[in-house]
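Whatever order the structure lists them in is the order used to number ligands and atoms, beginning at 1.
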Amino acid sequence: MKVKNICCIGAGYVGGPTMAVIAQKCPDINVTVVDINEQRISDWNDADLDQLPIYEPGLKEVVNEARGRNLFFSTDVDAAIDAADMIFISVNTPTKTYGKGKNMAADLKFVELCARQIARVAKSDKIVVEKSTLPVRTAQAIKSVLSETGNGVEFQILSNPEFLAEGTAITDLLNPDRILIGGETSEKGKEAIDALVEVYANWVSNDNILTTNVWSSELSKLVANAFLAQRVSSINSISALCEATGADVREVSKAIGMDSRIGSKFLQASVGFGGSCFQKDILNLVYIAKTFGLNEVADYWEQVILMNDHQKSRFATNILKTLYNTVSGKKIAILGWAFKKDTNDTRESAAIYVTDELLEERASISIYDPKVKEERVFADLDYLNTRSPEENKELVEVYEDPYEASKDAHAIAILTEWDEFKTYDWQRIYDGMLKPACVFDGRAILDRDQLEKIGFKYYCIGN
Ligand code: UDX
Ligand code: UDX
């Protein structure tokens, strides 16, 4: 079977870029991305490509090439489902905030709603592809929702987790390490797998397309994220030891990363990992392990998150201690609010939690991020519910210029590794600050010698 019409439900950080690349690479396939959020769809359709709802290097060029040709963004979910022979589900699956599995299990309500909508609308056979990261055996649940409609339509469910990282989404999509497709081993299952393989084969070599059973595929996504996050927590645990002993974590990273068995990636010490996936997926893994009575397995993986929480808190505490145990009324400038560079995504960003701790000490916070808007910063802080929105407004100011943000500040905290921070006129920043002027580098990106020569007191994570 040759796929001609694809529909993707969810025009977010995963659905948007992924479908844009599929459309670019498969001009014969019509790709329609739908979302219930009207604003999001209208932003994706904006004539000004700088207004796309997501910032990703290279994204606007891809959208520019395919949009209107074979890439469409719409809020008409029913029509897109009806026309499609393959439907990707790419809606968000946040951690549950209520009921059984609260704060741990993934909330599948949006996924189930999608399945019900597909069941209601579909008049012809469809392949349904799980793109969202889901707990193991969700495909089974989707299948039962779909097959109980009894209108004679046949559904095949595939698991096709997305491994792109934000900030490098387009290059990751164009050159994936692997494409993973899980499906049933029945004849129909194999046909569905082949149909999706054929889509990717337009630009990915067959050697890099891996097919497995559905459960292996679902579990592999959670495990990949858990292993990556574990590396970050591992190096962050060592960063604390480096600070205590006089070792430099950057040197340790380099030294261990040159061992080809360890490898050099994901060894950058930081103020803690963020993003929509790592914490959520590990909590999910922990929950699944507990469900099967595997408590030691659950505890083992939970430690990765506890270490990450500790790292954020340790960083905030260090700022407090260095500023003579009081930051009340002192201006502290936060550079970087996104959870990593080259994205405007702030979900679970370490900056939110560090700032929250400083606000609890009544610090006066100024914030600058090259891509994050003021409304987003306040939405993130208000969401924590530690203080009222009025208090947050009173204590926090968001700037569009880093020099303004740091003016009259006692300290600067670097919380995202944006490249532009390295190119600033640090002498000018120093001149505008109160003395002693401190820099707390939560990403170990600045040059100690340069800053100390200017006169800064420089504190670097892991050194
Ligand atoms: C995705 C995945 O789906 C998630 O499971 C994975 O772990 C991370 O990536 P992401 O694309 O980052 O999520 O989420 P988000 O940017 O929130 O986009 C989801 C979109 O789905 C939103 O635009 C939302 O409006 C839309 N949505 C949600 C629907 O269209 N219908 C729904 O019922 C629910
Ligand atoms: C991750 C996975 O990499 C990706 O495969 C999956 O599809 C979604 O989750 P993402 O969250 O977009 O991607 O970004 P990633 O590059 O993995 O970074 C996650 C967090 O870890 C960021 O806060 C980043 O700053 C931090 N990190 C990463 C470190 O602190 N040190 C490192 O060495 C690497």
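- At least one heavy atom of Ile36 lies less than 4.0 angstrom from ligand 1.
- Comment: Arg120 engages Asp78 in a salt bridge, judged by a side-chain N to carboxylate O separation of less than 4.0 angstrom.
- Shown in contact with Asn37 at under 4.0 Å from a heavy atom are these atoms of ligand 1, numbered in order with element: 25 (O).
- Shown here are the salt bridge (charged side-chain N to carboxylate O under 4.0 Å, His left out) partners of Glu374, two or more places apart in sequence or in another chain: there are none.
- Residues with a heavy atom under 4.0 Å from ligand 2: Glu162, Phe163, Leu164, Ala165, Glu166, Lys221, Asn225, Leu228, Val232, Phe266, Leu267, Gln268, Ser270, Phe273, Gly274, Cys277, Phe278, Phe339, Lys340, Arg443.
- Counting heavy atoms closer than 4.0 Å to ligand 1, residue Asp35 contributes atoms from both its backbone and its side chain.
- Here Asp419 pairs with Lys341, Lys422 under the salt bridge (charged side-chain N to carboxylate O under 4.0 Å, His left out) rule; sequence neighbours left out.
- Taking Phe227 as the reference, Trp301 meet the ring-ring contact (aromatic ring centres under 6.0 Å, His included) condition, with sequence neighbours excluded.
- Taking the six-membered ring where the residue is Trp, Phe266 and Phe278 present tilted rings, their angle falling between 30° and 60°.
- In terms of heavy atoms, Glu166 sits closest to Glu56 at CA-OE2, 3.3 Å.
- Ligand-side atoms of ligand 1 in range of Ser90: 3 (O), 19 (C), range being under 4.0 angstrom from any heavy atom.
- A side chain to side chain contact (heavy atoms under 4.5 Å, CB included) with Asn160 is found for exactly one of Glu130, Lys221, Lys131, namely Lys131.
- Among the atoms of Ile9, none of the N or O lies under 3.5 angstrom from an N or O of ligand 1.
- Using a 30° and 60° split on the angle between ring planes, Phe440 and Tyr459 fall in the parallel class, below 30°.
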